[in-house]
Amino acid sequence: MRKSSIAFVSSLALCLALSVPAQAANVVTSAQKLTVDGVEVACEKYNIDGNNYFKLRDLAYVLNGSGSSFQVGWDADKQLVSITTGQTYSEAGGELGLGADKSASAQPSGQTVEVNGASRADLSVYNIGGNNFFRLRDLGEALGFEVGYDAGTNTAVITSKGTPAQPDAQTVETWYKTGSAAFDAENYGTAVFWLGKAAAQGHEEGQHYLALCYDRGCGVKQDYEKAFFWFLKAAEQGSSVCQFDVGLCYSLGNGVGQDDREATRWYQKAAEQGEIGAQVNLGWNYEYGLGVEPDYKKAAEWYKKAAEQGNAIAQTNLGHLYLNGTGVPQSATTAVDYFSKAAAQGEPYAYYNLGWCNENGYGVSQNYAKAAEWYQKAGDNGPADNWYRLGMLYLSGKGVTKNEKMATELIRKSAEAGYAEAQYQLGLCLETGQGVEKDKDEALRWYRLAAEQGNAAAQAKLKS
């Protein structure tokens with residue numbers, strides 16, 4: 001007999017002698033989770049008068065191949081639903097589909113239900129959205145599978161009859177392929193079930209895909225802890241992409257305590273296998289000393305590995321190191337070359353850096369008009385000072401037609417984004433009425449904001 005920490009319900013159909021209810025007092029979507037033989041199942045479910053109801057064909061689908069398999073038949077002329085235990089289930093299509101809330105359509109089913117040829121008027125059945133939903137405990141009693149409840153996780157636990165046979169590698173691979181295909185087709189309920197079965201058997205890619213489902217909330221409630229659990233399982237088997245994902249979880253504190261040292265360790269594992277994102281993030285951690293001592297040379301080495309594979313962020317970051325001569329020999333022309341490669345891929349920070357280089361004549365001939373074009377391209381996706389720099393060009397008329405009103409509007413964008421120099425400049429415009437109506441009180445407000453960030457000019461203004 002199976003032993004479990006979960007107390008199984010031994011008497012599952014206390015109301016079998018009752019007739020089908022006339023109407024439901026309260027029908028809502030159910031927040032209860034469901035597992036079948038240890039695998040979480042994402043499916044449509046409803047709570048009706050305090051009891052959980054599940055779609056008959058969903059249960060037939062997930063129990064298929066187990067010791068509690070059953071076939072479902074439908075006779076339209078007789079309005080008869082037939083259930084035959086011990087038979088392989090034939091899919092009708094749409095199983096484990098996740099749709100909109102259909103609770104408003106719930107009504108007691110007027111169809112006849114037979115189990116192994118015997119009429120079962122005692123089963124509680126509702127028709128919701130054109131499908132039959134059965135009270136889970138009733139169905140477990142009638143068909144012979146165990147139903148338990150884990151109060152700690154609010155999970156209904158189905159255990160099929162007998163000991164599940166250990167699947168061979170080909171079967172597990174089929175589960176994975178079925179699940180991944182469903183994931184790609186955005187049939188997430190089906191995906192979670194089959195990926196869960198494959199993941200439980202140690203299938204690396206199945207674990208990866210299942211982690212993505214939990215990470216993104218596809219077919220299941222978003223759960224970073226479960227996502228981390230499955231990312232880690234696959235990472236420990238050597239999956240470079242999951243090693244990168246584990247690193248991200250540690251960097252962001254998603255599903256695990258934030259830990260830059262652990263993040264760096266996992267980025268290192270993935271980066272050494274050629275995982276581009278991990279190489280970029282490892283370079284970043286070395287550049288800024290996150291989890292490791294700052295090391296610009298190592299940062300440049302890892303950025304370069306990713307840059308050579310065409311990663312635009314790495315190209316931008318490496319260009320910045322060349323511009324400043326940190327970790328690499330200073331070379332403005334090399335910096336511009338990397339910025340240009342990244343800009344060709346649409347990287348906003350590369351646009352901004354090219355704007356700065358053109359404005360200041362680093363690596364290229366000084367060209368205010370081109371600078372303005374690059375700043376404009378970076379737009380809201382560039383750094384906080386992007387609009388400020390474009391605004392200052394409009395304020396001075398360098399490379400663009402002078403337009404003080406436009407300049408003030410652009411400078412305000414950077415000021416509102418928290419850029420201290422822009423806050424100070426906006427204060428000046430408001431104080432002098434340059435491009436905007438004079439407003440000394442508002443000017444003081446912006447001076448204070450800039451001064452709080454250590455802007456010396458703003459601090460001096462407040463003292464004067």
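These numbers were taken from a predicted model, which means no experiment stands behind them. Only this structure's heavy atoms are used, side chains among them; waters, hydrogens and symmetry mates stay out.
Other residues, nucleotides and ligands contribute more than 12 heavy atoms inside 6.0 Å of the NZ atom of K55. The 12-atom threshold is exceeded at CD of E236, counting heavy atoms of other residues, nucleotides or ligands nearer than 6.0 Å.
In this structure, the salt bridge (charged side-chain N to carboxylate O under 4.0 Å, His left out) partners of K226, at least two apart in sequence or on a different chain, are E40. By the ring-ring contact (aromatic ring centres under 6.0 Å, His included) test, F133 is found to be paired with Y46, residues two or more places apart in sequence or in another chain being considered. Partners of E442 by salt bridge (charged side-chain N to carboxylate O under 4.0 Å, His left out), not counting sequence neighbours, listed by chain and number: R445. D385 meets the salt bridge (charged side-chain N to carboxylate O under 4.0 Å, His left out) test with R389; sequence neighbours excluded. For Y209, the ring-ring contact (aromatic ring centres under 6.0 Å, His included) criterion is met by Y176, F183, not counting sequence neighbours. Listed by chain and residue number, Y351 satisfy the ring-ring contact (aromatic ring centres under 6.0 Å, His included) test with W374 (two or more places apart in sequence, or in another chain). Scored by the ring-ring contact (aromatic ring centres under 6.0 Å, His included) test, Y89 finds no partners at all (sequence neighbours excluded). Residues forming a salt bridge (charged side-chain N to carboxylate O under 4.0 Å, His left out) with K102 (at least two apart in sequence, or on another chain): E44.
Ring orientation note: the planes of Y61 and W194 are nearly perpendicular, at an angle over 60° on the 30°/60° scale.
A donor-acceptor pair under 3.5 Å is formed between the side chain of Q330 and the backbone N or O of L323. Between the side chain of N358 and the backbone N or O of L354 there is at least one donor-acceptor pair closer than 3.5 Å.
A donor atom on one side chain and an acceptor atom on the other are found under 3.5 Å apart for S109 and N132. For the 3.5 Å distance criterion, the side chains of S103 and D101 qualify, holding a donor opposite an acceptor. Between the side chains of Q268 and Q243, no donor-acceptor pair is found at a separation under 3.5 Å. With no hydrogens or angles considered, a side-chain donor-acceptor pair links N154 and Y149 at under 3.5 Å. In this structure, a donor-acceptor pair under 3.5 Å is absent between the side chains of S240 and Q273. Between the side chains of N52 and Q32, at least one donor-acceptor pair of N or O atoms lies under 3.5 Å.
Looking only at side-chain heavy atoms (C-beta outward), Q201 and P167 come within less than 4.5 Å of each other. Residues L136 and L59 are in side-chain contact: their nearest non-hydrogen atoms beyond the backbone lie under 4.5 Å apart.
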Throw together a table of side-chain donor-acceptor distances under 3.5 angstrom for residues 455-464, partners on residues two or more places apart or in other chains.
from : atom 1 : to   : atom 2 : distance (Å)
N455 : OD1    : A457 : N      : 3.3
N455 : OD1    : A458 : N      : 2.8
N455 : ND2    : E421 : OE1    : 3.3
Q459 : NE2    : A451 : O      : 3.2
K461 : NZ     : E431 : OE1    : 3.1
S464 : OG     : K461 : O      : 2.7

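The only member of W356, Y322, F339 that meets ring-ring contact (aromatic ring centres under 6.0 Å, His included) when paired with Y362 is W356.
For residues 335-353, the pairs satisfying salt bridge (charged side-chain N to carboxylate O under 4.0 Å, His left out) are D337-K341, with sequence neighbours left out. Sequence neighbours left out, the pairs with a member in residues 398-445 that pass ring-ring contact (aromatic ring centres under 6.0 Å, His included) are Y388-Y419, Y424-Y447. Screening residues 393-417 for side chain to side chain donor-acceptor pair (under 3.5 Å) gives E404-Q434 as the qualifying pairs, with residues at least two apart or on separate chains.
A cation-pi arrangement is absent between K233 and W230 under the rule of less than 6.0 angstrom and at most 45 degrees off the ring axis.
The ring of Y250 has its center no closer than 6.0 angstrom to the ring center of Y267.
For the pair K298 and E301, the salt-bridge criterion is not met [side-chain N within less than 4.0 Å of a carboxylate O].
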